Amino acid sequence: MTDFHRIKRLPPYVFEQVNRIKAAARANGADIIDLGMGNPDLDAPRHVIEKLVETAGKPRTDRYSASKGIAGLRRAQAGYYQRRFGVTLNPDTQVVATLGSKEGFANMAQAITAPGDVVLVPNPSYPIHAFGFLMAGGVIRSVPAEPTPAFFPAAERAMQHSIPKPVAMVVCYPSNPTAYVASLDFYRDLVAFAKKHDLILLSDLAYAEVYFDDSNPPPSVLQVPGAIDVTVEFTSLSKTFSMAGWRMGFAVGNERLLAALTRVKSYLDYGAFTPIQVAATAALNGPEACIHEMRATYRRRRDAMVDAFQKTGWDIPIPSASMFAWVPIPEKFRSLGSLEFSKLLVEKADVAVAPGIGFGEHGDDFVRIALVENEQRIRQAARNIRRFFDGADRTLHNVVPMQKAV
C-alpha cells in the first residue's frame with residue numbers, strides 16, 4: 001500500500017491508535033466512557049423518522065436519486081438560509097445536497113485543486129480540511145485557527161511566502177476542534193481578504209445550530225454582502241438533527257464553484273437514498289423544538305463537564321458553541337504530548353478523548369472532549385480522571401516509554 005501515490009501522502013490516522021487501545025480495554029471488560037468522537041448519541045426527531053418510514057420501500061423512491069439532491073430538499077435548504085441568516089439562495093444553482101459535509105468538502109477539493117495548488121488551512125482543524133486537498137494533489141499552508149485580529153497579519157505572511165500563490169482558504173466556525181466562534185465583523189474582514197487576494201473561501205458551518213448563547217447565534221459568512229462571489233459554505237444535518245449516520249449535508253454559495261462540485265459528484269454518486277432526502281426535507285421544514293432540545297441537552301452536559309472536571313483540578317475552557325471542549329493538557333502531563341496522554345486516560349481512567357495532534361501539530365498541547373455521553377457518565381469520567389491524577393506520581397513509573405508524539 002505504501003507504493004500508492006495518494007496513500008503515501010496520508011500519515012497514519014492518529015485517532016486509530018487510541019481506538020485500538022480503547023477496543024482492547026473493552027475486550028478485557030473495561031467500561032470506557034467515550035468522549036472522543038463527535039458522534040451524537042441523541043435520537044433523530046420522531047417526525048423525521050416517520051417520514052423516512054413512510055417514503056421507503058416504494059419502487060419510485062428505491063431507484064437512483066439525484067446527485068445534487070432532489071428539488072424539494074434544495075428548496076428546503078434555501079428556506080433555512082433565508083430564515084436563519086437572511087441569505088437568499090437560488091435552490092437550482094446555489095444549493096447542492098451532499099453525503100454529509102465531509103464528502104462535500106472532499107469533492108470540492110477534487111473539483112478545484114490542480115497538482116501543487118496551495119491552500120490555506122487553519123491549524124488545528126478538522127482533518128478533512130487539510131487532507132481533502134492533500135488527496136487532491138494540493139499543498140497545505142497553515143494559518144491560525146482563532147478568529148482574532150492577529151489572524152490577518154499571519155494570513156498575509158502565508159500569502160507572501162507561498163509559491164505558487166494560494167488558491168483557496170478554509171475556515172470553520174464554530175470550530176471543530178477548538179470551539180472558536182467567529183463574529184460577522186471577522187467575516188467581513190475575511191471576505192475582503194479573500195477578494196483582495198483572489199482566494200476561494202470555503203466555510204465549514206456544520207455546528208451552526210449547536211450554540212449556548214441564545215442572543216448571539218453563530219453567523220454565516222454568506223451574510224456578508226458580496227461573499228457569495230467567492231464563497232461556498234458547507235452545513236450538515238448530523239449535529240442539528242442528530243442524523244450523523246444518515247449522511248446528509250449541503251454546499252451552498254457561488255454558482256460557478258457549485259457547478260464544478262456538481263460535475264464531480266455526477267461521476268461519483270447518485271445522491272443520498274431518496275427517502276433520506278425526503279426525511280431531511282421534513283427536518284428542515286418542520287418544527288424547531290427538537291433543535292432547542294438538542295441545544296439544551298448539550299448545554300447541560302457542558303455545564304456538568306466544566307463543574308465536574310474543575311473538581312479534579314483540570315480547568316475546562318467553557319465553550320460557547322459546538323459539542324466540544326478544547327482543553328489544555330495538565331502541565332504535569334504536557335511533555336508526553338496529546339497522543340500518549342490520551343492513551344493514558346484510556347488505560348488508567350477508562351476515559352477516551354481525542355488527541356489534539358490529530359487536528360494538526362499546533363494542537364499537541366490539547367485534547368478535544370466531546371459532549372456525547374450523558375451528565376452522569378460525564379461526572380463519572382471526571383471521578384475516574386481524578387483518581388488517576390491523584391495516583392499518577394505513584395503509577396506513572398510503570399508506563400514505558402512515553403516520548404512525545406510527532
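This chain uses plain numbering: 1 for the first residue, then up along the sequence. Not measured: the values here are computed from a predicted model.
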Contacts of Tyr267 that satisfy ring pair (Phe, Tyr, Trp, His ring centres under 6.0 Å) - sequence neighbours left out: none
Under 3.5 Å: donor-acceptor pair, side chain of Thr98, backbone of Phe250: yes
Donor-acceptor under 3.5 Å (Asn254 side chain, Thr231 main chain): no
Donor-acceptor under 3.5 Å (Arg295 side chain, Glu209 main chain): yes
Ring geometry between Phe359 and Trp326 (parallel below 30°, tilted from 30 to 60°, perpendicular above 60°): perpendicular
Aromatic ring pairing Phe152/Phe186, orientation class (parallel under 30°, perpendicular over 60°, tilted between): tilted
N/O donor-acceptor pair under 3.5 Å between Gln223 side chain and Ser220 backbone: yes
Candidate pair Gln77 and Arg74, rule side-chain hydrogen bond (donor to acceptor under 3.5 Å, both in side chains), full reasoning: CA-CA 5 Å; Gln77 176 68 351; Arg74 288 183 279 113; over 6 Å; no
Name every donor-acceptor pair, under 3.5 Å, that has one atom in a side chain of residues 238-246 and the other anywhere in the protein, sequence neighbours excluded.
{"residue": "Ser238", "atom": "OG", "partner": "Ser236", "partner atom": "OG", "Å": "2.9"}
{"residue": "Ser238", "atom": "OG", "partner": "Arg247", "partner atom": "NH1", "Å": "3.4"}

Gln277 (side chain) donor-acceptor with Ala272 (main chain) under 3.5 angstrom: yes
Residue pair Val230 / Ala194: nearest heavy atoms and the distance that separates them: CG2-CB, 4.3 Å
Nearest atoms (heavy-atom pairs only) where Val264 meets Gln110: CG1-CB, 4.5 Å
What side-chain donor-acceptor pairs closer than 3.5 Å can you find for residues 135-151, not counting sequence neighbours?
{"residue": "Arg141", "atom": "NE", "partner": "Ser162", "partner atom": "OG", "Å": "3.4"}
{"residue": "Ser142", "atom": "OG", "partner": "Asn123", "partner atom": "ND2", "Å": "3.2"}
{"residue": "Thr148", "atom": "OG1", "partner": "Ala150", "partner atom": "N", "Å": "3.4"}

Side-chain (Ser175) to main-chain (Tyr180) donor-acceptor, under 3.5 angstrom: no
Minimum heavy-atom distance between Val171 and Leu190, given as atom pair plus value: CG1-CD2, 3.7 Å
Any residue meeting ring pair (Phe, Tyr, Trp, His ring centres under 6.0 Å) with Phe212, in chain and number order, not counting sequence neighbours: none
Ring pair (Phe, Tyr, Trp, His ring centres under 6.0 Å): pairs with one or both residues in residues 290-321, sequence neighbours excluded: Phe309-Trp314, Trp314-Phe341, Trp314-Phe389
Exam field: side chain Arg301 to backbone Glu373, donor-acceptor pair closer than 3.5 Å: yes
Show me the side-chain donor-acceptor pairs of residues 124-134 shorter than 3.5 Å, one per line, residues at least two apart or across chains.
{"residue": "Ser125", "atom": "OG", "partner": "His129", "partner atom": "ND1", "Å": "2.6"}
{"residue": "His129", "atom": "NE2", "partner": "Asp204", "partner atom": "OD2", "Å": "2.8"}

Side-chain H-bond candidate by donor/acceptor type, Thr274 with Ser65, under 3.5 Å: yes
Candidate pair Arg377 and Asp31, rule salt bridge (Lys or Arg N to Asp or Glu O under 4.0 Å), full reasoning: CA-CA 11 Å; Arg377 297 273 287 171; Asp31 177 20; 2.7 Å; yes
Least distance between heavy atoms, Ala251 atom then Leu261 atom: CB-CD2, 3.7 Å
